[in-house]
Amino acid sequence: MNTTTPPSHFLRERIAEDLARGAVREVVTRFPPEPNGFLHIGHAKSICINFGLAREFGGRCHLRFDDTNPEKEDPAFVAAIKEDVRWLGFDWGPHLYHASDYFERLYQFAVELIHKGKAYVCQLSADELRATRGTLTEPGVESPYRNRSVAENLDLFARMRAGEFAEGECTLRAKIDMASPNINLRDPVIYRILKRPHQNTGDTWCIYPTYDFAHGLSDALEGVTHSICTLEFADHKPLYDWFLEQLDVPCHPQQIEFNRLNLTFTVTSKRKLKTLVERGIVNGWDDPRMPTLSGLRRRGVPPAAIRQFVERVGVSRSESCVDMSLLESCIREELDRTAPRAMAVLRPVRLVITSYAEEAEEFFTLANHPKDPSLGSRQVPFCRELWIEADDFALAPPKGFRRLTIGAEVRLRGAYLVTCTGVEQDAHGAVTTVFCTHDPESRGGNAPDGRKVQGTIHWVSARHAVPLTARLYDRLFTTEHPGAEGDFLEDVNADSLATCQGWGEPMLAACPAEARFQLERLGYFCADRFDHTQKRPVFNRIVGLRDSWSKEAARRP
RNA sequence: UGGGCGAUCGUUCAACGGCAGGACAGCGGACUCUGACUCCGUCAAUCUAGGUUCGAAUCCUAGUCGCCCAGCCA
């Protein structure tokens with residue numbers, strides 16, 4: 001377990017202060033997704049921050065669906081989001097809410113605003129509204145409907161609710177300041193007419209509150225103390241506060257903004273992710289190359305690695321784009337600690353031990369983890385014919401090559417020392433079989449005379465091997481910032497998936513879906529959540545091992 | 001050219017008027033029955049210009065650069 005205390009950041013400090021000076025008795029946060037799409041790595045940061053802070057300070061975190069726009073939302077997303085949050089390791093307990101749970105109360109708040117002369121029904125069209133809002137440098141002009149009487153507004157708003165107006169015919173607007181330099185304060189729309197069924201409330205309503213109106217009031221209704229959101233909402237804070245000041249609310253939550261998470265070699269915009277799915281560049285929202293939580297899960301990334309990643313990324317108020325290598329490092333760290341080891345050969349070449357009896361076979365006991373004995377050991381079968389990795393043999397090895405080559409001795413991991421005596425090649429010169437003799441005295445992998453061998457390679461007994469499919473995933477984009485110059489689709493990595501048929505030790509067919517292993521010397525793999533079966537094992541490469549040899553080999557002539 | 005926010009090693013986060021530090025990445029080495037893990041070493045930053053101060057990454061002033069805002073999206 002990680003015992004190092006997490007570094008402090010401004011959110012932690014702020015909450016600690018508020019607790020210390022008695023501004024709040026208990027911390028209440030919330031994660032407020034709109035159920036209109038899939039959660040991705042960026043959301044993971046928000047989830048970890050909100051649920052994590054609540055857990056850390058002994059408070060609670062609500063899962064609240066911000067479902068104020070029936071045009072975009074779907075109950076299927078509600079279910080998917082709940083599954084993802086749970087998978088990430090968080091629990092909202094009984095605190096599952098929807099903004100739509102508060103529609104009646106929000107309506108009453110709107111009525112209260114009208115009574116106070118702070119809201120009015122505006123019959124400007126969408127185009128007229130836009131034209132009168134002003135620009136960044138010029139103030140807007142006041143709506144001709146701005147000074148209607150309270151009674152008239154009350155009547156009109158009730159008729160909006162009753163469905164007497166068509167979509168777009170009128171809106172309810174907050175009466176604030178059309179000349180405000182902050183455009184959010186120029187009489188923002190707080191209710192609009194949308195005649196369509198809602199994912200939670202069905203056809204109960206034909207008017208719906210906007211985000212700005214619903215969000216802060218929902219926070220207040222739930223007793224949220226710290227409403228933590230991303231930087232782009234900073235401009236909305238004065239409006240957030242304005243509603244809470246005008247209305248009779250149970251408390252005044254504090255909105256605090258932090259920097260959104262961006263990652264190199266990927267995209268997180270909903271639009272771009274959708275394009276990847278629709279163009280068939282990936283196989284769905286949970287394709288293992290997608291930065292969605294369901295994609296990361298299918299890839300095999302452990303949730304603990306994501307939590308650790310979010311912790312290491314840190315929180316601040318400056319925009320950032322984090323190196324993908326940091327995520328990969330967190331994944332390797334978690335998996336090195338927890339993943340049992342196994343052997344499989346992905347690009348097989350036959351190796352025949354000519355000194356080993358044809359019909360003989362034996363089993364070697366191999367540790368499942370080099371450092372953690374609690375992971376136990378297993379029996380691995382061995383015989384005269386093995387599969388080894390094509391990369392582990394070279395007729396003309398580069399300098400520094402520590403693997404098999406004619407005349408060289410290597411260790412078959414956990415088994416015997418073998419010396420290559422020759423090869424068989426096909427018509428094109430490709431090596432089809434490698435011949436070796438073994439040292440029977442080296443059973444288990446150590447020579448009795450203590451001689452050192454420079455290399456150790458992995459292997460699978462051909463007689464006992466199970467066929468398996470390995471999907472080798474790589475980064476989805478070839479550039480750090482996809483689309484930085486031009487269309488992001490031009491930066492798609494055409495080689496982000498390579499599929500190969502290999503052989504594995506028998507244990508790999510017996511494991512359940514989502515089991516993770518380190519295939520020694522190859523990388524970390526996960527039995528595919530949906531496609532893996534005992535009859536047809538399918539493994540996804542989560543991330544490769546750090547590989548200092550390939551870099552060095554590439555430098556050599 | 002309105003308003004808001006931001007600027008520290010390649011990346012990211014610290015340093016809260018008192019020796020600019022960590023992580024990732026890079027580079028070099030040790031160890032190794034995984035060219036993994038681990039360990040050691042190393043490279044490397046305060047946007048600019050003034051000011052306040054014994055002392056400034058930190059405070060002040062003026063710039064520069066970047067991001068966000070003109071949905072009846074969130």
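Sequence lines set the chain letters: A, B, ... in the order given, protein chains first and strands last, and positions in each chain run from 1.
Between A:His236 and A:Tyr240, a ring centre-to-centre spacing not shorter than 6.0 Å is recorded. Checked against a 6.0 Å centroid threshold, the rings of A:Phe38 and A:Phe77 count as neighbours. Here A:Phe65 and A:Tyr97 keep their ring centres 6.0 angstrom or further from each other. Note: A:Tyr107 and A:Tyr208 fail the aromatic proximity criterion, with ring centroids not under 6.0 Å apart. Remark: aromatic rings of A:Phe382 and A:Phe363 are distant, center separation not under 6.0 Å.
Scanning RNA chain B for stems, defined as runs of 3 or more consecutive Watson-Crick or G-U wobble pairs whose donor-acceptor distances all fall under 3.5 Å, gives the following ranges: B:2-7 with B:64-69, B:10-13 with B:21-24, B:26-30 with B:38-42, B:47-51 with B:59-63.
Atoms NZ (A:Lys371) and C1' (B:rC31) sit 11 Å apart, rounded to a whole Å. With rounding to whole Å, A:Phe258 atom CZ is found 15 Å from B:rC5 atom C1'. Remark: P of B:rU12 and CZ of A:Arg317 are 17 Å apart, rounded to the nearest angstrom. Taking atom CG of A:Asn368 as the reference point, atom P of B:rU34 lies 16 Å away to the nearest angstrom. Atom P of nucleotide B:rG2 and atom CZ of A:Arg186 are separated by 13 Å, given to the nearest angstrom. Rounded to an integer number of Å, the gap from CG of A:Asn259 to C1' of B:rG4 is 16 Å.
On the P atoms, B:rG63 is 23 Å away from B:rC68, given to the nearest whole Å. B:rU1 and B:rG66 have their P atoms separated by 13 Å, with the value rounded to a whole Å. Nucleotides B:rA56 and B:rG71 are separated by 45 Å at their C1' atoms, to the nearest Å.
Between A:Arg12 and A:Glu311 there is a salt bridge, with a side-chain nitrogen of the basic residue lying less than 4.0 Å from a carboxylate oxygen of the acidic one. Using a 4.0 Å cut-off between charged nitrogen and carboxylate oxygen, A:Arg64 and A:Glu34 do not count as a salt-bridge pair. A salt bridge does not link A:Arg260 with A:Glu319: every distance from a Lys NZ or Arg NE/NH1/NH2 to an Asp or Glu carboxylate oxygen is 4.0 Å or more.
Applying the 90° cutoff around 0 to the glycosidic angle, B:rG17 is assigned anti.
Residue contacts for A:Arg341: at a heavy-atom cut-off of 4.0 Å it reaches a base atom on one of the strands shown. Counting non-hydrogen atoms under 4.0 angstrom, A:Phe213 reaches nothing in the nucleic acid. Within 4.0 Å (heavy atoms only), A:Cys321 reaches sugar-phosphate atoms of the nucleic acid but no base atom. Within 4.0 Å of A:Val315, counting heavy atoms only, lie sugar-phosphate atoms of the nucleic acid but no base atom. Heavy atoms of A:Lys237 sit nowhere under 4.0 angstrom from any nucleic acid atom.
Ring pair A:His438/A:Tyr416 is perpendicular by interplanar angle, where above 60° counts as perpendicular and below 30° as parallel. Using cut-offs of 30° and 60° for the angle between ring planes, the A:Phe517 and A:Phe539 rings count as perpendicular.
Checking B:rG6, B:rG35, B:rU34 against the side-chain heavy atoms of A:Arg403 singles out B:rG35 as nearest.
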Given protein heavy atoms under 4.0 Å, the one-letter contact record of nucleotides 65-74 of chain B, with B base, S sugar-phosphate only and - none, is simply -BBBBBSBSB
Between the protein and nucleotides 16-19 of chain B, which nitrogen or oxygen pairs come in under 3.5 angstrom?
unit_1: B:rC16; atom_1: N4; unit_2: A:Glu13; atom_2: OE1; d: 3.1
unit_1: B:rC16; atom_1: N4; unit_2: A:Glu13; atom_2: OE2; d: 2.3

Heteroatom pairs (N/O) under 3.5 angstrom, protein to nucleotides 23-27 of chain B:
unit_1: B:rA23; atom_1: O2'; unit_2: A:Arg312; atom_2: NH1; d: 3.4
unit_1: B:rC24; atom_1: O2'; unit_2: A:Ser325; atom_2: OG; d: 3.1
unit_1: B:rG26; atom_1: OP1; unit_2: A:Lys551; atom_2: NZ; d: 3.1

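Regarding contacts with the backbone of B:rA36, a side-chain N or O of A:Ser548 is found under 4.0 angstrom from either OP1 or OP2. Regarding contacts with the backbone of B:rU12, every side-chain N or O of A:Asn262 stays at 4.0 angstrom or more from both OP1 and OP2. One finds a side-chain N or O of A:Arg521 lying less than 4.0 angstrom from the OP1 or OP2 phosphate oxygen of B:rG35.
A:Arg161 pairs by the side chain to side chain donor-acceptor pair (under 3.5 Å) definition with A:Glu104, not counting sequence neighbours.
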Evaluate the criterion side chain to side chain contact (heavy atoms under 4.5 Å, CB included) for residue pair A:Leu522 and A:Leu346; output intermediate values, then yes/no.
CA-CA 9 Å; A:Leu522 296 174; A:Leu346 267 23; 3.7 Å; yes
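You'll find the side chain of A:Glu389 stays beyond 4.5 Å of the side chain of A:Val349, heavy atoms only.
Annotation: cation-pi geometry satisfied between A:Arg475 and A:Phe265 (NZ/CZ under 6.0 angstrom from ring centroid, within 45° of ring axis).
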Show every donor-acceptor pair shorter than 3.5 Å between a side-chain atom in residues 167-174 of chain A and any protein atom, with sequence neighbours excluded, or say none if there are none.
unit_1: A:Glu167; atom_1: OE2; unit_2: A:Lys195; atom_2: N; d: 2.8
unit_1: A:Glu169; atom_1: OE1; unit_2: A:Ala166; atom_2: N; d: 2.7
unit_1: A:Arg173; atom_1: NH1; unit_2: A:Asp187; atom_2: O; d: 2.8

